[in-house]
Amino acid sequence: MAMEKFDASEVEARIYKMWEEAGAFKAGANASRDETFCIQLPPPNVTGHLHVGHAFNHTLMDMLIRWKRMQGYDTLWQPGLDHAGIATQLMVEKELAETQQPKRTELGREKFLEKVWEWKAAKGGMIEQQARRLGDSLDWSRSAFTMSGAESAPATEKPGNFHDAVLKVFVEMYNKGLIYRGKRLVNWDPHFETAISDLEVENIEVDGHMWHFKYPLAGGETYEYVEKDEDGNVTLRETRDYISIATTRPETMLGDGAVAVHKDDERYAPIVGKLCEIPVGPKDQRRLIPIITDPYPDPDFGSGAVKITGAHDFNDYEVAKRGNIPMYSLMDTKGYMRADGLPYAEEAATAQRIAGGEEGFDEGKIAAMNMVPEDYRGLDRFEARKRVVADITAEGNAVMIGNPAYEAAFARDGDQTEVPQRIPFVENKKIMQPFGDRSKVVIEPMLTDQWFVDTAKIVGPALDAVREGRVTIMPESGEKVFYHWLENIEPWCISRQLWWGHQIPVWYGLDLGVEDEQNPSGTLDEVELLGLLLDGLVHRGTVMHCGTDLEAVKSAFVFDNADVPSPLSHASIIEVADKSEAIDRFAAALAEYNVTQDPTVLVYPVWRDPDVLDTWFSSGLWPFGTLGWPDENDPAMKYFPGDVLITGQDILFFWVARMMMMSQAVLHQDPFHTVYLHQLVRDAKGEKMSKTRGNVIDPLDMIDAYGADALRFSNAQMAALGGVLKISEDRIKGYRNFGTKLWNAFSFADHYAIPYPGDPEMPVVSQTLNKWIIGETGKVRETVDAALTAYRFNDASDALYAFTWGKVCDWYLEFSKPILQGTDTAAKAETEQTLRWVLDQCLVLLNPIMPFITEELWGMADRRAKMLIHADWPTYAAADLVDTDADREMNWVIGLIENVRSARAQVHVPAGAKVPLLVTGLDEKGQSAWDNNHVLIQRLARIESLSNVDRFPKGCVTVPMDGGTFGIPLEGLIDVDAEIARLEKTLQKLAKELGGLRGRLNNPKFAASAPEDVVAEARENLRLRETEESELKAAIARLQELG
RNA sequence: GGGUGAUUAGCUCAGUUGGUAGAGCGCUUCCUUUACACGGAAGAUGUCGGGAGUUCGAGCCUCUCAUCACCCA
């Protein structure tokens, strides 16, 4: 019966179903020892689809998991999904728009979150289905979700407690002072109106402009401006009443707090400490700002003077912090120029007093001030830029240069009245501009109130983990990057102005505390009551408390209020939406109390922080949040800490470092011992894949075309440590062919009707051939184990490819044919058993890389104790299996066959023709090797007979071997000149090698300083080459006689 | 501007304490020989980016230059 062809799509679906239904991937499946081996799958976005990057690293993880599972480890490959705040919210908003449903803001928070959960249930997690096509042996029954257990989750959702973990960690870190609220500059996305992480910002080089403006000195002061060249010669000397500023963002001038120059910049030394004017806004209310020194300005860049807008530029922010310069926010959350606050004239006056040192300031006060003049208020930031440029230019404060067009016009017709002689100095230049990777709008650095993790306080243990070798980062270069980043770590902004995510567990209440306590009576009298009502609650501060839920913070608020007059101190605490509702409710209750004197109507409203946590905050808890924590008694906690993390190097900081910090902060352990980083998967040319380039390779298409095994093999093959990953369809096709080769090896066994009982023991053999292949199997098993232990997936796949195709198929199966067809029943039985055993070993060793085809072939045996996925990984050692004599003999046989074939082909002996073979000087070993294997040799090299001769006849093709020289008598058949040419060429190559070898051996320093075995090897090599050389020379001589 | 890495056969890439270069694909020639044409056999192709140094010996170590890529400002 002939085996059918391998149909990947049919087999893959069937086999995967079989594994999954049998629970083959479940945690602990096939465990025969206590040691655990756990890999946490980096959770893909719930909105995500499988791309080549996933396909790549899933293959590596699956290889390790399958390998360890076969070795009997208690394994867990933990899957799950990330709720992906901004991506998911965007996806759902888009869908609402497309289906003409009410917008997010119209729905309100609660209804919108319902929609998100509906979307998740219907369309989220597509990637989990796609990953199955790859053959991933993930324990799907444990699939986790970073939003599981959230208040908003519907009952239909799979239960989980990730939300508990997130809140518990937040509260603990808050209580330890590791989390705080503050005003800092963050990347702000004006489209989504939220802070976003650095990872979500793409810096793209775009065409921009550099404008040059004059900031006039206060009071019309002047100074001598001198420029010098490298040698100190004066190239320009003029009297100026201004300082020249270059900027790519003129609209931010409105928020300037200073002009900074380098302290060593002689040009500006005379005016440091003086004031200059921001040349924009109403003429009467021009603000004056100080000229300061700071290390940041580069004297060689632009004019060397930099305007400092602390609230809208990251570099300026640092300068402003150093110099205590006010940072005026200019824009609203949508990126429009602010329209709130007091009239500009009043704000400018205040700012002026601050700049002059007559008035103090703090963060809150500055934040409330709107420094945008009325004319620009409410404008889009880019529109405002145009207006600012136009206004400054109109007023004559643009730096002017000669107009090339004027020169040209003058030269042409001597009349240039239509063309201006001088024009504003505007450079066209490439600038790096930040864009939101999802919104595609220009990201605005914005000074906002956000929550931060004080990373500096928790970074220590993560750094130590790598420094002390508890955690290994591969490739090693990742360690440097890791140190560099962690040693210069910035506070981590963890709040996002979104709805989809873990809402920050902090509640605010009105600050009722009275600073100058005038009434220690402890009761609420009429005067105080009115005071509270009229005092403008709006301007009162707030107090806040953190807890896992409202109940948890109530007592803290009650405690706060203990000091306020009774009965207000006993007001019941209620939750409201926000501060304004809180004020309304509070005032209404007071008013009612005033009338009724009924203390039970008094309420103390509190409201929850509307922001949600950065997605990376929750995914930082992934290593234990997936295992039942905070329930430390969950049996799955035995898998913490995990073993290996395999992920893209681009999220080393964003995720890997954070998992390490969070695991240490919460559980005081490292989450894994090894981090394997890989690069971005690119197309065959090494370009990034992108939809716009149209070079995206969909792994599912590859699976459709070539099967999952081929894609996996290709992935394993390109996984050289630290290497660039270029995926090539030709290569995948090549590994599909490899699968077919393996399949046909079984078809071979089938063809020879070799019994296939299944689960064979390693046979005890007497045939050299069988001894040899068993030894080779032992070698490859060691190579594969060593490679996988060292995460050298390419070495493992290389070794298996070379073994299966190059050893088993090319030689072993060919050699077995005469025995299988022969009459020696003992030899035949032994070879049949060996062949089945060897093929079984191929299946076992290849299973981690190509699980489908191997499992299918495994299942064709009459019976199997277990599925291949749970088969026992072999432990035999090459040292026990390799028979050196068999090894030497088979290599000699292979060499002889190859050399005879080569010689035949080169002198164009017809492929089918059987030729006689002669030999001279055959030694004992050669004779015995020939005797043992002549059937194989004659068959594969197409040889009719062997005759011992003293001397080769004229016109004989020579094949020098160790232990005897063979010759094919071909007088009259061969082209003598061509054959001489062939031998000469071989001789030349040989001469080169001999030259090298002799050179080394004749050098006394070589023998003195090189290791002994190297010297011995070189000597032996030289001996063999010299013999070969003399044989070749003799052969050439014979041919020349003939000619 | 800072950092990291790369540059090896026509293409895509390996090459783990320095011992004299390999794979897959592609290409050329031959072969439908009873596992396999998604195959078999044979074959060609490399001053290992340039230069200098250390060494008996350098693709590998050091310096330098060039080009490219990525990350961070």
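Labels below follow one simple rule: chain letters A, B, ... track the order of the sequence lines, proteins then strands, and each chain is numbered from 1.
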S.K.: Students often mix this up, so state it plainly: with edges at 30° and 60°, are the rings of A:Phe6 and A:Trp743 parallel, tilted or perpendicular?
M.R.: tilted
S.K.: Which comes earlier along RNA chain B counting from the 5' end, the contact point of A:Cys809 or that of A:Arg901, where each point is its nearest nucleotide?
M.R.: A:Cys809
S.K.: Could you pick out which residue, A:Ser747 or A:Thr740, lies toward the 5' side of RNA chain B when each is mapped onto its nearest nucleotide?
M.R.: A:Ser747
S.K.: Taking A:Arg942's backbone N and O only, do any of them form a donor-acceptor pair with A:Arg904's side chain (distance below 3.5 Å, no angle check)?
M.R.: yes
S.K.: Roughly how far apart, to the nearest Å, are B:rC11 and B:rG46 at atom C1'?
M.R.: 14 Å
S.K.: Check every atom of B:rG15, B:rG39, B:rA35 against the side chain of A:Asn737 and return the nucleotide holding the closest atom.
M.R.: B:rG39
S.K.: Could you tell me how far apart A:Gln717 (CD) and B:rG24 (P) are, to the nearest whole angstrom?
M.R.: 10 Å
S.K.: Rounding to a whole Å, what distance do you find between A:Arg942:CZ and B:rA42:P?
M.R.: 14 Å
S.K.: Heavy atoms only, 4.0 Å cut-off, all strands: where does A:Glu814 land among base, sugar-phosphate and nothing?
M.R.: base
S.K.: Which listed nucleotide (B:rC38, B:rC25, B:rU12) is nearest to the side chain of A:Arg731?
M.R.: B:rU12
S.K.: Please measure how far the P atom in B:rG59 lies from the corresponding atom in B:rU17, and state the result in whole Å.
M.R.: 14 Å
S.K.: Quick one: which of B:rC36, B:rG40, B:rC38 gets closest to the side chain of A:Trp805?
M.R.: B:rG40
S.K.: Just checking A:Phe314: base, sugar-phosphate only, or nothing, at a heavy-atom cut-off of under 4.0 Å?
M.R.: nothing
S.K.: Among A:Tyr706, A:Tyr801, A:Trp805, find the residue that satisfies the ring-ring contact (aromatic ring centres under 6.0 Å, His included) test when tested with A:Tyr735.
M.R.: A:Tyr801
S.K.: Distance alone, cut at 3.5 Å: any donor-acceptor contact between the side chains of A:Thr831 and A:Asn770?
M.R.: yes
S.K.: Between B:rG19, B:rC36, B:rG40, which nucleotide gets closest to the side-chain atoms of A:Phe1006?
M.R.: B:rG19
S.K.: Is there a donor on the side chain of A:Arg736 or the base of B:rC38 sitting less than 3.5 Å from an acceptor on the other?
M.R.: yes
S.K.: Categorize A:Asp795 for me: base, sugar-phosphate, or nothing, with a 4.0 angstrom heavy-atom threshold over every strand shown.
M.R.: base
S.K.: Do the charged groups of A:Glu898 and A:Arg901 touch, with an N to O distance under 4.0 Å?
M.R.: no
